[in-house]
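Notes follow the structure.
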Amino acid sequence: MSKKKSKRPARPRVPVPLTDIQEEFRAQLSFLRKSCDDYDGGDRDEFRRIATAVRVLIYDGGHSKSVVGQLDLKRVAFRAYSTPVNPHNLVSETPLVMMRVGSGGSVYLPCLDQGPFSYRSLSFDDWWSEDVFRSPGGVAMARSGFILHTANQAGGAHVDPELDEEFHKIAKANEAGWISQYGEVEKPMVDLEKAYVRHIGFEVLQTLEPQWEKIHGNRLCDCGSGRKHRYCHGKQSE
């Protein structure tokens with residue numbers, strides 16, 4: 001008769017000092033910024049790292065506790081550099097990207113701050129759950145969907161054998177329906193999800209980098225003077 005395996009006791013844990021969490025916040029912002037810069041330099045595969053860094057920074061769920069949540073920064077206004085989607089539109093709504101027509105056809109580019117409107121300030125929950133893609137076929141997806149499906153299924157932190165059906169339609173089956181034409185050749189446009197993730201990374205940086213400046217400025221200066229950094233060497237560097 002086989003013996004039932006006994007459950008291992010939980011390993012003891014120790015609390016993480018606030019300063020260490022603040023340092024992790026700085027490090028994750030740095031990772032995100034570098035991946036965004038590398039994406040802009042031509043490495044489109046960096047969209048996976050962008051999604052993973054965004055997930056670490058802001059996602060709370062299951063056993064995951066976001067860095068931003070631990071620093072009580074989800075209360076700040078998040079910047080949405082896009083217009084809301086129109087559910088009654090008869091063509092696909094893709095407000096986070098634009099299209100560039102070149103000699104080889106058309107490609108998706110993240111809008112960043114190049115769109116026709118300035119940013120909107122939203123609560124975190126509204127920003128995270130707002131639909132930012134909608135197709136005439138009824139497929140809709142929020143920022144959360146693009147980040148979590150990329151990070152959890154499509155190579156960010158995991159490569160799953162199955163993809164969410166709607167994410168698959170957007171990323172692999174041209175649910176947006178846009179066609180790239182080069183001469184007489186027409187082909188479906190690709191990599192929409194990559195440009196979307198890059199744009200979301202931009203919004204996260206625009207929202208959270210100023211918060212790091214505040215945190216860093218309020219910390220004691222590294223010189224040992226006992227004064228806040230922004231009143232000591234931070235002021236001198238300015």
Next on the checklist: I'd like to know if the side chain of S123 pairs up with that of D126 as donor and acceptor (distance under 3.5 Å, no hydrogens or angles considered).
Outcome noted: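 S123 vs D126: donor-acceptor pair found between side chains.
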
Item to check | Test item: side-chain donor near acceptor, N152 and R55, under 3.5 Å | outcome: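 Yes, because at least one side-chain N or O of N152 sits under 3.5 Å from a partner of the opposite role on R55.
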
Item to check | Co-membership, hydrophobic cluster, residues I50 and L109, 4.5 Å side-chain | outcome: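 In one cluster: no.
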
Checklist entry - Are V85 and Y108 connected in a single hydrophobic cluster, I mean Ile/Leu/Val/Met/Phe/Trp/Tyr linked by side-chain heavy atoms less than 4.5 Å apart? => result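 Hydrophobic grouping puts Y108 apart from V85.
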
Item to check | I170 vs M141, side chain to side chain contact (heavy atoms under 4.5 Å, CB included): CA-CA, chis, key distance, verdict | outcome: CA-CA 9 Å; I170 295 170; M141 188 157 290; 3.9 Å; yes

Next on the checklist: When you measure from the side chain of S92 to the backbone of A176, do you find a donor-acceptor pair of N or O atoms at a distance under 3.5 Å?
Outcome noted: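 Yes; at least one donor-acceptor contact below 3.5 Å.
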
Checklist entry - Checking Q28 side chain against L57 main chain: does a donor-acceptor pair fall under 3.5 Å? => result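 No, because the side chain of Q28 does not come within donor-acceptor range (under 3.5 Å) of the backbone of L57.
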
Checklist entry - Can you pull the salt bridge (Lys or Arg N to Asp or Glu O under 4.0 Å) pairs that have at least one residue in residues 67-79, sequence neighbours excluded? => result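 Pairs touching residues 67-79 that pass the test: D60-K74, D72-R75.
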
Checklist entry - Can R120 and E130 be counted as an ion pair, charged N to O under 4.0 angstrom? => result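 Salt bridge between R120 and E130, a charged N being under 4.0 Å from a carboxylate O: yes.
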
Checklist entry - Is the closest basic N to carboxylate O distance between K34 and D37 below 4.0 Å? => result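 Salt bridge absent between K34 and D37.
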
Item to check | Partner set under side-chain contact (heavy atoms from CB on, under 4.5 Å) for S121, not counting sequence neighbours | outcome: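 Per chain and number, S121 pairs via side-chain contact (heavy atoms from CB on, under 4.5 Å) with A77, Y119.
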
Item to check | Qualifying residue, where the test is side-chain contact (heavy atoms from CB on, under 4.5 Å) with C36 and the options are R49, R198, E46 | outcome: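 Among R49, R198, E46, the one that satisfies the side-chain contact (heavy atoms from CB on, under 4.5 Å) with C36 is R198.
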
Checklist entry - Looking at R33, K214, R26, which one forms a salt bridge (Lys or Arg N to Asp or Glu O under 4.0 Å) with E209? => result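 Between E209 and the candidates, salt bridge (Lys or Arg N to Asp or Glu O under 4.0 Å) is satisfied uniquely by R33.
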
Mind telling me whether [Y] and [X] have parallel, tilted or perpendicular rings, with 30° and 60° as the class edges?
X: F146; Y: F133; answer: perpendicular
X: H199; Y: F202; answer: tilted
X: W212; Y: H216; answer: parallel

Checklist entry - Considering residues at least two apart in sequence or located in another chain, which fulfil the side chain to side chain donor-acceptor pair (under 3.5 Å) criterion with Q70? => result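 Partners of Q70 under the side chain to side chain donor-acceptor pair (under 3.5 Å) test: none.
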
